[in-house]
Structures are given as structure tokens and as C-alpha cells.
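Down below is the structure, laid out as C-alpha cells.
For the single chain, residues carry numbers from 1 onward in sequence order. Here the structure is a predicted model, which is why all the values come from computation and not from measurement.
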Amino acid sequence: MSAIGSSPQLDKMAVEERRDEIINLVRQNGFVSVEALAQHFDVTVQTIRRDLNDLSHEGRLARYRGGGALPSSVANIDYTARQIMNPEEKEQIAAMVARHVPDHASIFINIGTTTEAVAAALIRHEDLRVITNNLNVAMLLSRHTDFEIIITGGSVRNRDGGVLGQLSLDMIEQFRVDIGIIGISGIDADGTLLDFDYAEIRAAQSIMRYARKTFLVTDHTKFLRRPLVRLASIKDVSAVFTDRQPPPAIAQLLADNGTELHIVRR
């Protein structure tokens with residue numbers, strides 16, 4: 001029922017104005033949470049969720065659990081925003097990956113918030129040797145474990161603690177490990193793995209080359225994103241760990257190529 005003095009046309013205009021402002025806020029911040037938007041507009045979280053769902057269906061933003069962001073092929077969402085996106089899904093994926101990593105194994109772990117969740121899930125393991133180009137992974141594991149931890153050389157990317165460059169590549173190539181654990185920013189409809197940073201892509205490619213097995217860790221939102229730089233095909237990894245069933249074409253590609261698919265049980 002419309003409030004006194006209002007009309008369906010005015011209500012519709014108010015909704016469209018709010019949604020346009022939501023898009024503006026997303027452009028300014030990269031990611032906005034449901035709670036922040038509800039507070040900003042003085043409306044219920046249910047109203048904001050409805051707005052974000054409709055905007056997502058219209059292709060105006062990408063809907064994530066907890067908020068929304070603009071889809072982009074050239075710029076990733078800010079690291080601090082990615083840290084709070086889909087935390088439950090990342091933890092569930094990480095716990096599932098940890099069950100497939102044996103004690104006394106050697107592993108690569110690369111850059112990303114999902115791979116950082118995997119590192120946290122590994123702290124109860126025994127006698128792991130971890131090589132990483134992610135300072136956050138190294139710090140987390142050094143505080144909570146007695147693992148042997150090796151950080152690659154290179155230049156530190158300030159925004160997320162990634163270590164990149166030729167020195168990092170040279171060091172990765174000195175090892176042959178049991179498992180490489182990599183994240184990704186997007187997956188195209190044909191299974192192409194995509195990311196935003198060429199230097200990060202090169203490091204991930206080296207990890208895949210020098211690991212006996214490669215585990216790809218990705219939440220379902222990555223199947224909606226189309227970054228610019230190609231890493232490999234999803235069929236090139238040994239196993240995919242995710243929280244929802246992938247699109248049918250990708251699931252079929254994995255099955256045809258013998259790539260394991262592990263989905264979080266709900």
C-alpha cells in the first residue's frame with residue numbers, strides 16, 4: 001500500500017533514483033555492502049537486497065553475497081573489499097581443500113583471499129613445506145605453525161601483499177612441489193581462467209608448471225567475471241574446489257578432461 005500523498009509513479013521514481021545512486025556508490029567504492037547501503041538510504045536490508053538483485057538481473061552490477069560491485073575486465077575489486085566478500089563460502093572451500101592436502105606435503109600457495117582462507121585451514125596440519133608469493137599467507141602460517149615457509153623474492157604489491165616480478169618467477173622455478181594451490185579472478189564461459197595482472201598470471205602459470213597437482217580454489221562469483229588476461233584453461237588443473245555447481249558447459253569440460261570437481265556440501 002502506498003503512503004499517504006504518494007503514488008505508484010512517484011514510488012517508482014524513488015526506487016529508480018535510489019538504484020542509480022547505488023550504482024554511483026559502487027563506482028566510487030568498488031564494492032558496497034548491503035548493511036552500508038541500508039544505513040545510507042534509511043531502508044531495510046530486504047529492500048537493498050531486492051535492489052541489488054534487480055540491478056544484477058539488468059546487468060548493471062555484479063551481485064555478491066553481502067553486497068554488490070561493478071563487473072570489470074580491467075580492474076579488480078579492492079583487496080579490503082574482497083576480504084569481506086563471501087567469507088563463509090571461502091571458509092567452506094578452504095576446509096574442503098585442507099582435507100585433500102596430506103601431512104608432510106610440499107605446496108605452493110599464490111595470491112588471493114581464497115588462497116589465504118586455505119592457508120588458515122591448513123594450520124592444524126603437520127610438517128608442511130610452503131612456498132608462497134603471498135606475504136599474508138606467510139605471516140599467517142608463521143604465527144600459528146612450525147611449517148617451513150619460503151617466500152619468493154620480488155617486488156611487494158602494497159595493496160595486497162603479493163610478491164611479483166622476475167625474481168619471484170626464478171625462485172618458483174627452483175622447486176618441484178606436490179600441490180600448487182591457486183586462486184583466480186574470473187572464469188569465462190569456455191573455461192578460460194582469467195585475471196587482471198599479467199605479472200600475477202605469470203607467477204600462477206609457473207606454479208602450475210612446477211607442481212605435480214594444481215588445485216584451483218574459486219567461489220561461484222568468479223564464473224560471472226571476465227577479466228582481461230588469460231592464465232590457462234580450467235581443464236589444465238588437477239581439481240576444482242568451489243561452493244556451487246559450475247555452469248553446465250564448464251562442468252562437462254571438467255568431466256571430459258578428467259579434472260576433479262569438488263563442491264561444498266550444504
Side-chain angles (χ1 to χ4, degrees), residues 30-31 69 72-85 90 93-94 97 106-120 122 128-143 147-188 192-219 221-222 225-234 236-238 240-241:
F31 174 83
S72 171
S73 65
V74 297
N76 203 357
I77 300 167
D78 184 73
Y79 175 73
T80 55
R82 285 185 283 127
Q83 283 183 301
I84 62 172
M85 292 170 61
K90 291 174 183 176
I93 292 167
V97 173
S106 56
I107 58 176
F108 283 129
I109 301 180
N110 82 336
I111 302 165
T113 55
T114 308
T115 53
E116 289 169 17
V118 173
L122 291 172
L128 295 184
R129 173 172 289 188
V130 180
I131 301 99
T132 184
N133 62 339
N134 185 333
L135 289 183
N136 300 314
V137 166
M139 290 297 295
L140 186 154
L141 292 178
S142 66
R143 286 195 299 265
F147 300 164
E148 181 176 355
I149 302 164
I150 301 170
I151 304 175
T152 67
S155 300
V156 177
R157 192 165 62 185
N158 293 341
R159 67 176 182 268
D160 63 1
V163 183
L164 298 166
Q166 188 60 48
L167 284 174
S168 184
L169 296 177
D170 291 345
M171 196 162 178
I172 290 171
E173 292 171 4
Q174 301 307 307
F175 296 92
R176 178 72 167 166
V177 302
D178 298 318
I179 302 170
I181 300 173
I182 64 170
I184 197 67
S185 292
I187 303 171
D188 214 341
T192 301
L193 304 179
L194 301 165
D195 223 306
F196 295 93
D197 189 313
Y198 179 67
E200 189 171 345
I201 285 286
R202 289 190 66 198
Q205 288 172 333
S206 290
I207 289 172
M208 291 179 66
R209 189 176 303 119
Y210 294 101
R212 295 181 179 88
K213 293 182 179 179
T214 303
F215 290 173
L216 175 69
V217 296
T218 178
D219 68 74
T221 63
K222 306 302 172 56
R225 304 180 71 197
R226 304 291 185 268
L228 184 64
V229 188
R230 181 185 184 277
L231 166 61
S233 171
I234 198 169
D236 297 329
V237 304
S238 308
V240 176
F241 296 80

Checklist entry - Once you round to the nearest 0.5 Å, how far does OG of Ser142 lie from CD1 of Ile149? => result 5.0 Å

Item to check | Flag side-chain contact, heavy atom, 4.5 Å: Ile187 against Ile234 | outcome: yes

Checklist entry - With a 4.5 Å heavy-atom cut-off, do Asn110 and Asn134 have their side chains touching? => result no

Checklist entry - Heavy atoms, side chains only, cut-off 4.5 Å: are Ile111 and Arg157 in contact? => result yes

Checklist outcome for this item: Here the side-chain hydrogen bond (donor to acceptor under 3.5 Å, both in side chains) pairs for residues 164-173, sequence neighbours left out, are Thr152-Ser168, Gln166-Asp170

Next on the checklist: Within this structure, what is the CZ-CD1 distance for the pair Phe108 and Ile181, rounded to the nearest 0.5 Å?
Outcome noted: 11.5 Å

Next on the checklist: Going by ring pair (Phe, Tyr, Trp, His ring centres under 6.0 Å), name the residues that satisfy it together with Phe241, two or more places apart in sequence or in a different chain.
Outcome noted: His100, Phe215, His262

Next on the checklist: Are more than 12 heavy atoms, taken from residues, nucleotides or ligands other than Met171, located less than 6.0 Å from that residue's CE atom?
Outcome noted: yes

Checklist entry - Do Thr113 and Lys90 have side-chain N/O donor and acceptor atoms under 3.5 Å apart? => result yes

Checklist entry - Would Ile109 and Leu122 count as a side chain to side chain contact (heavy atoms under 4.5 Å, CB included) if you check the C-alpha gap in whole Å, the side-chain angles of each, and the deciding distance to 0.1 Å? => result CA-CA 11 Å; Ile109 301 180; Leu122 291 172; 4.2 Å; yes

Item to check | Side-chain donor or acceptor of Ser155 paired with backbone N/O of Gly165 under 3.5 Å | outcome: no

Next on the checklist: Is any side-chain heavy atom of Ile182 closer than 4.5 Å to one of Leu231?
Outcome noted: yes

Item to check | Student check: side-chain heavy atoms of Met139 and Val137 closer than 4.5 Å | outcome: no

Item to check | Closest non-hydrogen atom pair, Pro227 against Gly186 | outcome: CD-CA, 3.7 Å

Checklist entry - With sequence neighbours left out, what residues match Ala120 under side chain to side chain contact (heavy atoms under 4.5 Å, CB included)? => result Leu140

Item to check | side chain to side chain contact (heavy atoms under 4.5 Å, CB included) involving Leu135 - partner list, sequence neighbours excluded | outcome: Ile151, Val156, Val163

Next on the checklist: Rounded at 0.5 Å granularity, tell me how far OG in Ser106 sits from CZ in Arg176.
Outcome noted: 10.0 Å

Checklist entry - Does Ala203 have any side chain to side chain contact (heavy atoms under 4.5 Å, CB included) partners at least two apart in sequence or in another chain, and if so, which? => result Asn133, Leu164, Leu169, Ile172

Item to check | Verdict with supporting geometry, Leu128 and Glu148, side chain to side chain contact (heavy atoms under 4.5 Å, CB included) | outcome: CA-CA 7 Å; Leu128 295 184; Glu148 181 176 355; over 6 Å; no

Next on the checklist: Is any side-chain heavy atom of Ile107 closer than 4.5 Å to one of Ile131?
Outcome noted: no

Checklist outcome for this item: Here the pair of heavy atoms bringing Gly183 nearest to Leu216 is C-CD1, 4.3 Å

Item to check | Pair listing, side-chain hydrogen bond (donor to acceptor under 3.5 Å, both in side chains) test, anchored in residues 205-218, at least two apart | outcome: Asp178-Arg212

Checklist entry - Can you name the residues that form a side-chain hydrogen bond (donor to acceptor under 3.5 Å, both in side chains) with Arg202, not counting sequence neighbours? => result none

Checklist entry - Can you name the residues that form a side chain to side chain contact (heavy atoms under 4.5 Å, CB included) with Thr192, not counting sequence neighbours? => result Asp188, Asp190, Leu194, Arg230

Checklist entry - Side chains of Ile150 and Phe175: does their closest heavy-atom pair fall under 4.5 Å? => result yes

Next on the checklist: Asp197 vs Val229, test: side chain to side chain contact (heavy atoms under 4.5 Å, CB included). Steps then yes/no.
Outcome noted: CA-CA 7 Å; Asp197 189 313; Val229 188; over 6 Å; no

